[in-house]
Amino acid sequence: MESQNDIKRKIQEKIQDKKKRLSKGQRLILNYIEEHSDKAAFLTAAKLGEAVGVSESTVVRFAISLGYEGYPKFQKSLQEHVKQKLNSIQRMEMTSGVLSDLSESGVLESVLNSDIEKIKTTLETIDKTGFEQAVETILRAETIYIIGIRSCAPLASFLGFYLNLVLEDVRILQSSNSSELFEQMLRIGEKDVIIGISFPRYSMRTLKALEFAHNRGAQVVTLTDSSNSPMNLYSSCSLLAKSDMASIVDSLVAPLSVINALIAALCMKKQKDVVHTLETLEKIWGEYQIYNKDEISPVEKKIE
C-alpha cells in the first residue's frame, strides 16, 4: 500500500508532467485543488465543477488526463493525502459541502449507507490470518492492557467490558495525562499484551503507550485504519478496519464490528469459562436486582 508521501509525490509528478497540456478549464481545476485540497478531495465531480465554474465532464477529463481511470480514482488518492491533516473545522466544512443538498432523511440514508460500505470493505480486506493471530496473542497473555483515546475511548471501554467477562486480568488504561498513563503500565512485560485503538487523527499518546509496551517486550495488537498507520510501528499484529468521517464525527462502525468479532472469537475459545462467569453474574444480578424482571409490570395510575 502506498504511503502518504508516495501518494503526494505521485499526484504532484502527474500534475507537473501534464500541466502544460491542460486546457483553460482544467487549469482552473488544478488551481482550486492546490489552494483548497482539503475541500476538493471530498467534492463530487459535479460539485467540484460547480465550485470552479466548469462542467462535470471537464472535471472527469482532468482526472483522466493525469493518468487515472476516472474521477473516483483521482479523488481517492487525493483523500488519502489530505484526510489525516484535517482538523475538526475542516471536517465540518468538508461534509457540509457533500451533504448540503440532502434533506434530513437523505443525510440519514447517506451516512448509514456509507457505514454499510465501510463494513463491507473491511470484511473484504481484513487479514483473516492476522485476526486469528490476534485472538491467540490475547489468549496467551497474562495481563491485557487496552488503550483508546478521545473518539476511540468508547471502543476501548466496550472491548474492556466484555474481555473482563472472558479473561482474568484486563485493564483499560486511563489517559488523563501521559505520566499517569505510564504509571498504569509500570509492570507490563513479555507475558502481557497491549491493544491499541487509534484512527485519524492518530493519537500521539496512544503511540507513545505502544512504544513503551514494545520496549518492555510486551506483544502489541493494533486496531487502526491502514497499514501506513503510525500505530503499526510497534505492532506484532494489526487489525485494519475502514473508518471515515461524517461531519465532525469519526465513523467507527467497522472498527466496532471487528471488536465484536474479536470478542465472539475469544468467547468461543473460552466457552466453559465464559458460561461459568455468566452463571455467577446472573446470580449476583438477580440477588441485587441489577436488572428489572420482565414479569414486573409498571404501576398504572388510576385516572379518576
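As the structure is a computational prediction, the values presented were derived from the model and not from experiment.
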What verdict does the side chain to side chain contact (heavy atoms under 4.5 Å, CB included) test give for K118 and D115, after you've listed the backbone C-alpha separation in whole Å, the side-chain angles of each residue and the deciding distance to 0.1 Å? CA-CA 5 Å; K118 291 178 184 65; D115 282 342; 4.1 Å; yes

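- Here the closest heavy-atom approach between residue A40 and residue I33 is recorded as CB-CG1, 4.0 Å.
- Across all their heavy atoms, T44 and Y71 have their closest contact at C-CE2, 3.8 Å.
- The hydrophobic clustering, which links ILVMFWY residues whose side-chain heavy atoms are closer than 4.5 Å, places I119 and L240 apart.
- Note: E180 CD to Q174 CD = 9.5 Å, rounded to the nearest 0.5 Å.
- No donor-acceptor contact under 3.5 angstrom links the side chains of K73 and S77, judged on distance only.
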Distance-only check: which donor-acceptor pairs under 3.5 Å involve side-chain atoms of residues 123-148, not counting sequence neighbours?
{"residue": "T125", "atom": "OG1", "partner": "T121", "partner atom": "O", "Å": "2.8"}
{"residue": "D127", "atom": "OD1", "partner": "T129", "partner atom": "N", "Å": "3.1"}
{"residue": "D127", "atom": "OD1", "partner": "G130", "partner atom": "N", "Å": "3.2"}
{"residue": "K128", "atom": "NZ", "partner": "L123", "partner atom": "O", "Å": "2.7"}
{"residue": "Q133", "atom": "NE2", "partner": "S236", "partner atom": "O", "Å": "3.1"}
{"residue": "E136", "atom": "OE2", "partner": "K269", "partner atom": "NZ", "Å": "3.2"}
{"residue": "T137", "atom": "OG1", "partner": "Q133", "partner atom": "O", "Å": "2.8"}
{"residue": "T143", "atom": "OG1", "partner": "D169", "partner atom": "OD2", "Å": "2.9"}

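- Taking each heavy atom of P230 and L207 in turn, the nearest pair found is O-CD1, 3.2 Å.
- Between the side chain of N215 and the main chain of F212, no donor-acceptor pair closer than 3.5 Å is present.
- By the rule that hydrophobic residues join a cluster once side-chain heavy atoms approach within less than 4.5 Å of another member, L278 and M268 end up as members of separate clusters.
- Listed here is the closest heavy atom pair of C267 and V166: SG-CG2, 3.6 Å.
- What you find for F199 and T224 is that their closest heavy atoms are CE2-C, 3.3 Å.
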Tell me, with the steps shown, if T206 and M231 meet side chain to side chain contact (heavy atoms under 4.5 Å, CB included). CA-CA 8 Å; T206 299; M231 299 302 128; 3.9 Å; yes

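- S243 and D225 form no side-chain donor-acceptor contact under 3.5 Å, judged by distance and modelled atom types alone.
- In terms of hydrophobic clustering, with Ile, Leu, Val, Met, Phe, Trp and Tyr side chains grouped at heavy-atom distances under 4.5 Å, I172 and M185 are assigned to different clusters.
- Residue L266 is not grouped with residue V275 when hydrophobic side chains (ILVMFWY) are merged at heavy-atom distances under 4.5 angstrom, including chains of intermediate members.
- In this structure, the side chain of E117 does not engage the main chain of N113 through any donor-acceptor pair within 3.5 Å.
- For the atom pair S203 OG and I197 CD1, the distance stands at 11.5 Å (nearest 0.5 Å).
- Cluster membership check: L281 shares its hydrophobic cluster with V170, using side-chain heavy-atom separations under 4.5 Å among Ile, Leu, Val, Met, Phe, Trp and Tyr.
- Other residues, nucleotides and ligands place no more than 12 heavy atoms under 6.0 Å from the CD atom of Q271.
- With sequence neighbours left out, S55 forms a side-chain contact (heavy atoms from CB on, under 4.5 Å) with S57, T58.
- Remark: I284 CD1 to Q289 CD distance equals 14.5 Å, nearest 0.5 Å.
- Atom CD of residue E50 and atom CG of residue L43 lie 9.5 Å apart, to the nearest 0.5 angstrom.
- Across all non-hydrogen atoms, the minimal contact from L181 to A209 is CD2-CB, 3.9 Å.
- With sequence neighbours left out, E287 forms a side-chain contact (heavy atoms from CB on, under 4.5 Å) with no residue at all.
- Legend: residues meeting salt bridge (Lys or Arg N to Asp or Glu O under 4.0 Å) with K270, ordered by chain and number and at least two apart, are D273.
- Aromatic ring orientation, F62 versus F74: perpendicular (interplanar angle above 60°, classes split at 30° and 60°).
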Could you tabulate the donor-acceptor pairs under 3.5 Å formed by side-chain atoms of residues 149-161, not counting sequence neighbours?
{"residue": "S151", "atom": "OG", "partner": "D250", "partner atom": "OD2", "Å": "2.9"}

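- No side-chain heavy atom of L165 sits less than 4.5 Å from a side-chain heavy atom of V274.
- Interatomic distance, CD1 of I195 versus CG of L223, reported as 9.0 Å (0.5 Å rounding).
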Could you walk me through whether K208 and F182 satisfy the side chain to side chain contact (heavy atoms under 4.5 Å, CB included) test, starting with their C-alpha distance in whole Å, then the side-chain angles of each, then the deciding distance to 0.1 Å, before giving a yes or no? CA-CA 9 Å; K208 289 296 183 182; F182 296 132; 4.0 Å; yes

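- Here CD1 of I188 is found 9.0 Å from CZ of R216. Values are rounded to the nearest 0.5 Å.
- With sequence neighbours left out, E168 forms a salt bridge (Lys or Arg N to Asp or Glu O under 4.0 Å) with no residue at all.
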